[in-house]
J.: 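Below is one structure. I have some questions about it.
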Number of protein chains: 2
Amino acid sequence: MVKPYNQMKQLGDNSTEEKILDAAKEVFMKHGLYGARMQDIADTAGINKALLHYYFRNKEKMFDKVFDGALAKFFEQLDVFSNNELSVKKRLFIYIDNIIEFYAEYPQMSMFIIKEIGNNPEIFKEKVHVAKKNKTLRLIHVLEDGMKNGEIKKIDSAMFMINLQSLCSFPFLASPMFKYSLKAQGKDWEKDFNSEKLKQSVKNFVEFTLGK
Amino acid sequence: MVKPYNQMKQLGDNSTEEKILDAAKEVFMKHGLYGARMQDIADTAGINKALLHYYFRNKEKMFDKVFDGALAKFFEQLDVFSNNELSVKKRLFIYIDNIIEFYAEYPQMSMFIIKEIGNNPEIFKEKVHVAKKNKTLRLIHVLEDGMKNGEIKKIDSAMFMINLQSLCSFPFLASPMFKYSLKAQGKDWEKDFNSEKLKQSVKNFVEFTLGK
DNA sequence: ATATGGTTTAACCATTTTGTTAATTGCAAA
DNA sequence: TTTGCAATTAACAAAATGGTTAAACCATAT
């Protein structure tokens with residue numbers, strides 16, 4: 001017998017499973033695997049704690065689901081580097097736009113991933129292998145090609161990547177601190193910071209560092 | 001009766017209280033207040049769990065002590081901006097040297113502080129008030145003075161501060177990720193990254209951004 | 001109407017974790 | 001040597017937390 005339409009699993013809307021996943025994302029991002037409390041997740045989702053186990057069996061499995069989703073989205077951002085039709089700088093600019101919009105939506109993401117790598121490098125390795133499938137992490141590779149064919153200046157590609165990631169992700173991660181710190185100096189985070197400004201600032205950095 | 005010398009509180013050396021505080025710092029930095037386990041702290045310090053309560057009464061009070069210490073050291077780094085005898089750039093370069101060495105020693109510090117601000121803005125406000133006493137947070141103030149008297153280029157001071165903090169603290173925070181990511185691209189974190197390189201890189205950024 | 005089966009809940013249980021207590025150790029003053 | 005007191009410990013109690021169960025709920029098919 002076929003189930004009626006409104007009883008089928010409806011992910012993406014406000015089905016219970018989705019509510020739980022959203023709540024879990026929020027709480028896990030804030031407190032990590034150890035620090036998160038099942039009751040806290042249940043309260044955030046507005047449901048009974050037993051339902052968490054009904055849908056996800058246990059805490060670790062739930063965490064895995066959240067983490068896998070986060071990781072997949074994270075790696076999607078790297079796809080642009082595989083597009084060899086575009087110039088190195090063009091690819092970098094697109095990446096900057098995408099990754100900053102991504103972090104604006106998931107400010108805790110990088111910390112979440114960093115913590116997980118630290119806690120469990122082996123499992124992470126395996127997950128990444130699944131997540132990226134046949135894609136490759138090409139940022140550095142693309143840079144070094146660009147240097148060889150004279151498209152960009154000769155730079156320290158590893159340090160460039162580190163600087164770039166720092167500029168793009170830390171502002172969102174540290175927004176509570178910046179909010180506070182700016183207010184103490186007579187500035188206003190909401191006014192003085194936004195994604196568009198940051199994009200421009202990072203692009204300036206890239207232009208200065210790679211431009212010939 | 002006066003206590004014998006070797007029985008007086010000896011902070012700064014390997015007294016029990018200090019051992020506990022060091023262990024607590026390590027564990028709290030790694031897992032946060034919720035995620036940290038008292039037993040884990042006791043094991044790390046190599047003492048009985050009951051001693052933790054003997055010295056610090058309970059988990060929260062212990063956490064407070066650790067956090068207060070962290071905060072004080074963090075704010076110390078800002079003192080250099082009060083030295084009006086030095087040029088703006090000179091002060092920035094000194095700050096960069098200091099803060100990067102600081103983060104090299106306490107890589108989790110910024111995250112620790114960020115999380116705390118997020119969890120409890122009011123208490124943080126109060127703590128900062130104590131920590132900075134009559135000092136003032138001057139980075140932005142110093143920059144705007146420098147712009148007025150033509151010492152540096154006219155820039156967006158808030159964004160500059162955000163970029164600067166990002167470049168200095170994120171690499172340490174995210175080192176597990178960078179280690180992993182670089183390895184996947186045929187590089188080696190230990191070889192390709194060190195504090196001196198980072199200092200130089202950040203100074204280049206400052207020179208480019210502020211230099212006339 | 002009633003039966004069916006997925007969904008949701010309150011009330012538990014088992015384990016982990018925080019916190020306490022009473023006894024022991026070790027060291028210095030008398 | 002004995003006494004006193006802080007430091008330390010093992011064992012225990014209390015609270016918090018993850019996980020289970022059996023019953024209630026509710027929409028639909030018969």
Side-chain angles (χ1 to χ4, degrees), chain A residues 1-67 115-116 119-120, chain B residues 1-67 119-120:
Chain A
M1 177 200 64
V2 178
K3 287 186 186 175
Y5 182 74
N6 65 4
Q7 208 175 320
M8 293 174 72
K9 261 191 189 176
Q10 300 179 31
L11 296 182
D13 62 7
N14 54 359
S15 71
T16 301
E17 188 167 343
E18 198 64 17
K19 273 195 295 181
I20 293 176
L21 232 36
D22 284 347
K25 187 172 10 176
E26 191 180 323
V27 176
F28 278 133
M29 292 251 180
K30 203 163 174 180
H31 297 295
L33 173 57
Y34 292 143
R37 299 284 172 255
M38 296 297 267
Q39 189 61 57
D40 191 3
I41 295 172
D43 291 348
T44 304
I47 49 119
N48 186 287
K49 183 165 66 78
L51 259 191
L52 301 181
H53 296 92
Y54 177 76
Y55 279 99
F56 297 98
R57 189 157 222 86
N58 62 36
K59 192 182 182 182
E60 277 201 13
K61 282 203 169 41
M62 201 161 78
F63 182 81
D64 271 3
K65 261 277 164 60
V66 171
F67 188 63
K115 284 246 163 107
E116 264 313 283
N119 291 340
N120 222 327
Chain B
M1 178 201 64
V2 178
K3 287 185 185 173
Y5 181 75
N6 66 3
Q7 207 175 319
M8 293 174 72
K9 261 192 189 176
Q10 300 178 31
L11 295 182
D13 63 6
N14 55 359
S15 71
T16 300
E17 188 167 343
E18 198 64 19
K19 273 195 296 183
I20 293 176
L21 231 36
D22 283 348
K25 188 175 2 179
E26 191 180 324
V27 177
F28 278 132
M29 292 251 178
K30 204 163 174 179
H31 296 294
L33 171 58
Y34 292 139
R37 297 285 172 256
M38 296 296 267
Q39 188 61 58
D40 192 2
I41 295 172
D43 292 347
T44 304
I47 48 121
N48 185 287
K49 184 166 63 75
L51 261 191
L52 302 181
H53 295 91
Y54 178 75
Y55 279 100
F56 298 98
R57 187 153 230 89
N58 62 38
K59 193 181 180 184
E60 277 201 14
K61 282 202 170 43
M62 199 161 78
F63 182 80
D64 271 3
K65 260 279 163 59
V66 171
F67 186 62
N119 291 340
N120 223 327

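In what follows, every chain begins at residue 1, and chains take the letters A, B, ... in the order their sequences are listed.
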J.: A/Ile20 has an atom CD1; how far is it from atom P of D/dG18, in whole Å?
T.: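 That distance rounds to 15 Å.
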J.: Applying a 4.0 Å non-hydrogen cut-off, can you work out what B/Ala42 is touching in the nucleic acid: base, sugar-phosphate, or nothing?
T.: nothing
J.: Looking for any heavy atom pair under 4.0 Å, which part of the strands does A/Asn48 touch: base, sugar-phosphate only, or nothing?
T.: base
J.: In whole Å, what is the span from the CG atom of B/Asp40 to the P atom of C/dT16?
T.: 15 Å
J.: For the NZ atom on A/Lys59, are there more than 12 heavy atoms of other groups (residues, nucleotides or ligands in this structure) within a distance under 6.0 Å?
T.: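 Check passes, neighbour count above 12.
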J.: CG of B/Leu51 versus P of C/dT25: gap in Å, rounded?
T.: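 Distance, rounded to whole Å: 16 Å.
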J.: Looking at D/dT9, D/dG19, D/dT8, which one has an atom nearest to any side-chain atom of A/Lys49?
T.: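 So the side chain of A/Lys49 is nearest to D/dG19.
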J.: Mind calculating the distance between OH (A/Tyr55) and P (D/dG18) to the nearest angstrom?
T.: 20 Å
J.: On the nucleotide C/dG19, are OP1 or OP2 found under 4.0 Å from the side-chain N or O atoms that B/His53 carries?
T.: yes
J.: What closest approach, in Å, do B/Val66 and B/Ala24 show between heavy atoms, and which atom pair accounts for it?
T.: CG2-CB, 3.7 Å
J.: I want to verify a distance call: between C/dT8, D/dT9, C/dG19, whose nearest atom is closest to the B/Lys59 side chain?
T.: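 Ranking C/dT8, D/dT9, C/dG19 by closest atom to the B/Lys59 side chain puts C/dG19 first.
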J.: Measure CD/A/Glu17 against P/C/dT8 and give the value in whole Å, please.
T.: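 Going from CD in A/Glu17 over to P in C/dT8 covers 11 Å.
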J.: Within the structure, does a side-chain N or O atom of A/Thr16 lie under 4.0 Å from either OP1 or OP2 of C/dT7?
T.: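 For A/Thr16, the contact criterion (side-chain N or O under 4.0 Å from OP1 or OP2 of C/dT7) is not met.
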J.: What's the separation between atom CE in A/Met38 and atom CG in A/Leu52, rounded to the nearest 0.5 Å?
T.: 5.0 Å
J.: Rounded to the nearest Å, what distance is computed from the CD atom of residue B/Glu60 to the P atom of nucleotide D/dA15?
T.: 16 Å
J.: Just the rounded figure in Å: distance from P of C/dT16 to OH of A/Tyr34.
T.: 14 Å
J.: A quick test of your reading: do over 12 heavy atoms of other residues, nucleotides or ligands sit less than 6.0 Å from CZ of B/Phe63?
T.: yes
J.: Which nucleotide, D/dG18, C/dT18, D/dT9, lies nearest any side-chain atom of B/Met38?
T.: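 My answer, after comparing the listed nucleotides, is C/dT18.
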J.: What's the closest nucleotide to the side chain of A/Arg37 if the choices are D/dG19, C/dT8, D/dG18?
T.: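 The listed nucleotide nearest to A/Arg37's side chain is D/dG18.
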J.: Does any non-hydrogen side-chain atom of A/Asp22 lie less than 4.5 Å from one of A/Glu26?
T.: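 The answer is no; the side chains never approach within 4.5 Å.
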J.: Mapping A/Ala36 and B/Gly46 onto DNA chain D by nearest heavy atom, which one lands closer to the 5' end?
T.: B/Gly46
J.: In whole Å, what is the span from the CZ atom of A/Arg57 to the C1' atom of D/dT20?
T.: 11 Å
J.: Side chain of B/Tyr54, heavy atoms from C-beta onward: which of D/dT9, D/dT8, C/dT18 has the nearest atom to it?
T.: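 The closest nucleotide is D/dT8.
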